[in-house]
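To start, the structure under review is shown below, and the notes come after it.
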Amino acid sequence: MVAVGAVVAALLAPPHASAATTQPAVVTTDSETPVLYDDEAGGNASGDDPAIWVHPADSRNSLVIVTAKEGGLRVYDMRSRELQSLPATEAPRVDTATGRYNNVDIAYGVSLAGRQADVAVVSDRYNDQLRFFVIDPAGAAARTPLAEVTATDQRFLFNLDRQAVDEERTAYGLAVWQPRPGETYAVVTQEGRTTIATARIVEIGGKLGYTDIQRLDLPSTFRLPDGTTWVPCEEPGVLPQLEGVAVDQASGMLYAAQEDVGLWRLQLPLGPASQPKLIDRVKDFGIHAVYDSETEECQPVDPNAKGNGGNLLTADAEGVDLYYGPGSTGYVLVSSQGDDTFAVYERQGANQAVGSFRVTGVDGADDINGSDGLAVTNRPVGDYRQGLLVTHDEPETGPDVDGERDATNFSYVSWDDIARAMSLTVDTRARNDPRFR
C-alpha cells in the first residue's frame, strides 16, 4: 500500500483565472433514456454511471451501457431505447450476495476463450469485486447484447473477508486502463475511503477475473496557506472518497474526482512515481465545517469564510471522462454535481481550465440535474457524427414522471453542440481503444 501525505500549501495555487470570469455555456438535449425508479415497483433501479461502446464497423449499432445499482444494468441503443435489462444477480462466489452495480467502463480486445472480445467491466459494491459482461459483436443488432462472464470466487478488492465487506467500504468508482495490446487493468476506488486500486484483468477457465491488486491512498487532510490543516467534513468514520475516474489511454494518466476535494491526476501504474497533483478544487475547499447529526449536513464554522476553492467545481465532483483530440490534445470533462454543470479542462499540459456548461432539455426532455456519472466519445456513433456525451440525470423530471418516486435516467448530448457553445475542437479521427492502435 502506497500512502500520500497531507498536501502542502504549494499545491494550493490560485484557480485558473480564465474560469473565474465565464458563466457556464448552455447546450440542449432532446434524447433521454426511459425513467428508472428506485423503489420496489421499479426493481430498486437507480441510475448512476454510463459507458459508450463504439461498434468497429457500423456506428448505428453502438451501445450505451449503464449501471442501475440494485437494479443491475441497462443497455440502450443510439436513440436512447432500452435493448436489455440485466438484474443485479448474486456474484459467482461461495460467500455470495446479490450485487449492487455502481460504475461501468469498456475494455476492448480482451482475450477470452480463444478470441478477442469487448467487455463491460462493472464494480459490484455488495461483493467488493469486479463483474464482467461480454459484448456481442453485433451490438445493438444482437438479441442479447451482454452476457456475464465473471470467473468464480474472485478476491475482494479492498477487504479481507465477508464480514468486512458487509460494512460497505467496498468497490465504488471504476475505469479501464489498457496500456498496450494484451494488457488490461481496472482502476477502482473505495467507498468511504481515499484508496485507489488497480487490478489486472485475466482469463480464468474461459471466463474473466483479475489479479495483481495494487493500492494507493490519496490525502484526506490538507495544509492550507494560513498554516491550518483542513479536513473535509464527512459523516463520522467516513473519509473524503473518490468516485469518478478515467484514464488517458495514450499517456496512462489517471484523472480522479475526490467528491469533496477536487480533481486529481496521477501517473499509472500506482506507486511512488505516481506523484498525485490536485488540478482543481471544489469551491468550498478549505472551509472548516462540522457535521450535524440531526440534519445530516455539514455546517461551516464561519458562514463568511471564503476558503481556497476553485471556480468550476461545486461539490460533489463526480463523473470524469476524456474527449480525445489529435496527439495529446482534447479535453477532460468532470460533472459538478452541486450546481448541475460540467467542467472542461485541457487534456494536454497542465490541464488548464477551459470553462463549463449546463444542459437544458428541449422537445420533451428535461434539464440535467445533479449529474453523477458521464461518458464521452469523439467517435461518430449513430446520428451523433461529431461525438456524444451521455450523462446521468437525477432527479428525472417531466410530465410523464411520477414525482412521488425517486426517478433517474440518462441523457444524450451531441458533442458538436458542446463544441459550438464553448469553441472547442471537434476531431473524430483520434482513436483511443486498442482495436485501432
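Numbering starts at 1 and runs along the sequence shown.
Using modelled atom types and a 3.5 Å distance limit, the side chains of Trp53 and Asp118 yield a donor-acceptor pair. Checking Thr360 against Thr28 by side-chain atom types alone, no donor-acceptor pair falls below 3.5 Å. For the 3.5 Å distance criterion, the side chains of Asp416 and Ser414 fail to qualify, holding no donor opposite an acceptor. Looking only at atom types and distance, the side chain of Arg265 has a donor-acceptor partner in the side chain of Asn351 under 3.5 Å away. There is no side-chain donor-acceptor pair under 3.5 Å between Ser123 and Asn102. A donor-acceptor contact under 3.5 angstrom links the side chains of Gln178 and Thr184, judged on distance only.
Side-chain contact between Val282 and Val261 is absent, with no heavy atoms from C-beta onward closer than 4.5 Å. Using a 4.5 Å heavy-atom threshold, the side chains of Phe342 and Ser371 count as touching. Within the 4.5 Å cutoff, no side-chain heavy atoms of Gln116 are placed close to those of Val110. Residues Ile213 and Leu157 meet the side-chain proximity criterion, which asks for heavy atoms closer than 4.5 Å. You'll find the side chain of Phe133 stays beyond 4.5 Å of the side chain of Val104, heavy atoms only. Between Leu322 and Arg347 the shortest side-chain heavy-atom distance falls below 4.5 Å. Taking 4.5 Å as the limit, every side-chain heavy atom of Arg125 sits out of range of all side-chain heavy atoms of Tyr101. No side-chain heavy atom of Ile52 sits under 4.5 Å from any side-chain heavy atom of Asp321.
Taking the ring centre of Tyr37 as origin, the terminal cationic atom of Arg405 falls inside the region bounded by 6.0 Å and 45° from the ring axis.
Applying the side chain to side chain donor-acceptor pair (under 3.5 Å) test between Asn159 and each of Thr170, Asp128, Asp166 identifies Asp128 as the sole match. With Leu239 as the fixed residue, the side chain to side chain contact (heavy atoms under 4.5 Å, CB included) test singles out one of Gln258, Glu234, Arg193: Arg193. Of the options Leu312, Val354, Leu333, a side chain to side chain contact (heavy atoms under 4.5 Å, CB included) to Tyr345 is made by Leu312 and by none of the others.
Between Trp264 and Tyr255, a ring centre-to-centre spacing not shorter than 6.0 Å is recorded. Aromatic ring centres of Trp230 and Phe285: separated by under 6.0 Å.
We find the CG-OH distance between Asn409 and Tyr76 to be 7.5 Å, quoted to the nearest 0.5 Å. Between the OG1 atom of Thr150 and the OH atom of Tyr210 there is a distance of 9.0 Å, given to the nearest 0.5 Å. A distance of 5.0 Å separates OG1 in Thr96 from CG in Asn127, rounded to the nearest 0.5 Å. To the nearest 0.5 angstrom, Leu263 atom CG is 11.5 Å from Lys277 atom NZ. Residue Glu235 holds its CD atom at 9.5 Å from CD of Glu297, rounded to the nearest 0.5 Å. Separating the CD1 atom in Ile418 from the CG atom in Leu389 is a distance of 4.5 Å, to the nearest 0.5 Å.
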Go through Asp95 and Arg93 one step at a time and tell me if the salt bridge (Lys or Arg N to Asp or Glu O under 4.0 Å) criterion holds.
CA-CA 6 Å; Asp95 57 351; Arg93 56 185 313 118; 2.7 Å; yes
Yes or no on side chain to side chain donor-acceptor pair (under 3.5 Å) for Tyr384 and Gln386, after CA distance, side-chain angles and deciding distance?
CA-CA 6 Å; Tyr384 299 94; Gln386 309 300 324; over 6 Å; no
For Asp340 and Ile368, what are the C-alpha separation, side-chain angles and deciding distance, and is it a side-chain contact (heavy atoms from CB on, under 4.5 Å)?
CA-CA 7 Å; Asp340 309 324; Ile368 301 301; over 6 Å; no
Intermediate values then yes/no, side chain to side chain donor-acceptor pair (under 3.5 Å), Arg74 and Ser85
CA-CA 5 Å; Arg74 299 292 186 275; Ser85 174; 3.2 Å; yes
Would Tyr126 and Glu70 count as a side chain to side chain donor-acceptor pair (under 3.5 Å) if you check the C-alpha gap in whole Å, the side-chain angles of each, and the deciding distance to 0.1 Å?
CA-CA 9 Å; Tyr126 286 172; Glu70 292 182 12; 2.7 Å; yes
With side chain to side chain donor-acceptor pair (under 3.5 Å) as the test, would you mind laying out the steps for Asn369 and Glu394 before giving the verdict?
CA-CA 5 Å; Asn369 305 293; Glu394 181 179 11; over 6 Å; no
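Of the charged side-chain nitrogens involved, at least one lies within less than 4.0 Å of a carboxylate oxygen, so that Asp124 and Arg131 count as a salt-bridged pair. With salt bridges taken as basic N to acidic carboxylate O contacts below 4.0 Å, one links Asp427 and Arg429.
Within the 3.5 Å criterion, the main-chain N or O of Ser62 finds no donor-acceptor partner in the side chain of His55.
The salt bridge (charged side-chain N to carboxylate O under 4.0 Å, His left out) search around Asp30 returns none, not counting sequence neighbours. Residues satisfying the ring pair (Phe, Tyr, Trp, His ring centres under 6.0 Å) test with Phe132, not counting sequence neighbours, are none.
Listed by first and then second residue, the disulfide (SG to SG under 2.5 Å) pairs that reach into residues 58-91 come to none, sequence neighbours excluded.
Shown here is Asp383, whose CG atom has no more than 12 heavy atoms of other residues, nucleotides or ligands within 6.0 Å. Around the CZ atom of Arg385, the shell of radius 6.0 Å holds more than 12 heavy atoms that belong to other residues, nucleotides or ligands. Counting non-hydrogen atoms of other residues, nucleotides and ligands closer than 6.0 Å to CZ of Arg162 gives a total above 12.
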